[in-house]
Amino acid sequence: MAGASAAYWLAERGRVVVLEQEDAPGYHATGRSAAMYMETYGGPLTKGLAVAGRSFLADPPAGFSETPLLSPRQVLYLGRADQIAALDRFHEENRRHVPSLLRLDAAETLEQPVPLREDYVAGAVLEPDAEEIDVAALHQGYLRGLRARGGTLMTEAQVTALTRNGGLWHAETPAGAFAAPVVVNAAGAWCDAVARLAGVAPIGLQPKRRTAFIFDGPAAGGVDGWPMVHDIEDSFYLKPDAGRVLGSPADEIPSEPCDAYPEELDIAVGADRIMQVTTLEIRHIRNKWAGLRSFVKDRQPVAGFDVAAPGFFWVAGQGGAGIMTAPALGAVTAALAAGAPMPEEAAARGITAEVLGPGRLG
């Protein structure tokens with residue numbers, strides 16, 4: 001998603017070719033996302049980028065998507081008695097920039113349309129204005145826009161060599177050779193690998209596996225009106241998904257860049273945690289998958305030119321927030337890569353080239 005968004009905005013400014021290693025774009029993290037827009041999620045840069053891009057998600061350009069990109073889906077951050085301090089801290093830290101945030105006591109939490117266990121729930125924080133993102137529509141909108149602006153998408157084009165000569169980066173791929181003055185490294189979990197290929201020092205990116213699975217909701221009543229339920233200390237989440245329920249142990253298992261697969265133990269842990277919190281019975285897993293969420297040491301996204309490699313631009317480390325930050329991060333990438341000013345909506349939230357760039361990592 002980060003690459004597609006950046007390419008969409010860059011194609012307004014010059015010729016763009018997207019090199020995709022798989023036979024279709026969006027195969028890895030983009031296609032395995034929980035697909036939520038939450039202004040309370042992540043660190044300051046993540047939150048700032050999310051807010052800066054919300055207007056695009058709410059009202060995309062004409063022709064970008066035939067369906068709305070956002071639909072209502074509240075988020076309920078849940079806590080036990082021993083997590084009350086964490087709930088209070090979370091509410092206090094986030095209500096300054098999310099004024100609609102609500103702190104619920106146990107009774108108010110149990111009124112939510114999710115079958116929660118009374119002996120578990122001590123309270124919650126509700127984000128009433130969170131929304132679900134149509135990831136496929138957003139991704140395809142960027143790719144259609146890229147082509148409409150004269151850009152090119154090359155699939156099965158894994159970069160096998162990347163060198164700089166004569167002021168240009170030269171990329172060798174099975175789909176042919178390409179050259180450009182600027183290369184945007186938006187390879188997700190493979191960003192450090194691409195850098196090494198180019199002789200550029202890595203930024204310490206750590207991919208981490210996250211597991212998800214689908215199971216049936218209760219026999220009586222639908223689940224579509226449920227909020228997403230998220231443990232305040234990030235030990236599980238669940239949310240409605242096409243009439244069933246998506247669950248996760250919210251795991252972060254260090255991994256090499258790869259086509260991630262779920263482990264049965266992680267699924268069992270996630271199912272057990274959800275059944276401790278709710279009266280749901282998880283008897284059959286309908287579907288399961290895993291994806292890689294990538295982080296740098298400060299767990300904030302990176303976007304900017306490498307300090308030691310001319311024309312090498314990093315877009316990395318979105319840490320599971322790549323979908324909701326894509327509109328703003330793509331626009332920021334295009335501006336910085338072209339030497340233009342920071343987009344107004346990002347600048348208004350204190351986002352600068354210095355705080356986003358890889359130079360901050362030392």
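The basis for the numbers below is simple: all heavy atoms, side chains too, and nothing from hydrogens, waters or symmetry mates.
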Ring centroid separation [X] to [Y] under 6.0 Å:
X: Phe90; Y: Tyr77; value: yes
X: Trp169; Y: Phe313; value: no
X: Tyr8; Y: Phe64; value: yes

Check whether any side-chain heavy atom of [X] sits under 4.5 Å from a side-chain heavy atom of [Y], and report yes or no.
X: Asn94; Y: Lys47; value: yes
X: Pro207; Y: Arg293; value: no
X: Leu197; Y: Val159; value: yes

Check your understanding: Between Gln158 and Thr173, is a side chain to side chain donor-acceptor pair (under 3.5 Å) present by the stated rule, with each step listed?
Key -> CA-CA 5 Å; Gln158 179 178 0; Thr173 83; over 6 Å; no

Point to revise | Intermediate values then yes/no, side chain to side chain donor-acceptor pair (under 3.5 Å), Tyr37 and Glu39 | key: CA-CA 7 Å; Tyr37 177 91; Glu39 292 184 355; 3.1 Å; yes

Would you say [X] has more than 12 foreign heavy atoms packed within less than 6.0 Å of its [atom1]?
X: Lys208; atom1: NZ; result: yes
X: Glu256; atom1: CD; result: no
X: Arg144; atom1: CZ; result: yes

**Study point:** Intermediate values then yes/no, side chain to side chain contact (heavy atoms under 4.5 Å, CB included), Glu20 and Leu153
**Key:** CA-CA 7 Å; Glu20 167 60 58; Leu153 170 66; 4.2 Å; yes

Under a 4.0 Å N-O cut-off, is there an ion pair linking [X] with [Y]?
X: Glu132; Y: Lys239; value: yes
X: Arg273; Y: Asp266; value: no
X: Glu131; Y: Arg54; value: yes
X: Asp298; Y: Arg360; value: yes
X: Lys288; Y: Glu264; value: yes

Practice item. Mind listing the closest non-hydrogen atom pair of Ile274 and Ser248 along with its distance? Key: CD1-N, 4.2 Å

Point to revise | Least distance between heavy atoms, Ala124 atom then Leu87 atom | key: N-CD1, 3.8 Å

**Study point:** Over-ring placement of Arg117 relative to Tyr120, 6.0 Å and 45° cut-offs
**Key:** no

Between [X] and [Y], a side-chain donor and acceptor under 3.5 Å:
X: Asp192; Y: Gln206; answer: no
X: Glu156; Y: Gln21; answer: no
X: Thr40; Y: Glu127; answer: yes
X: Glu22; Y: Thr155; answer: no

Point to revise | Val355 backbone acceptor or donor facing Thr352 side chain under 3.5 Å | key: yes

Practice item. Check whether any side-chain N or O of Thr325 sits under 3.5 Å from a backbone N or O of Ala321 as a donor-acceptor pair, and report yes or no. Key: yes

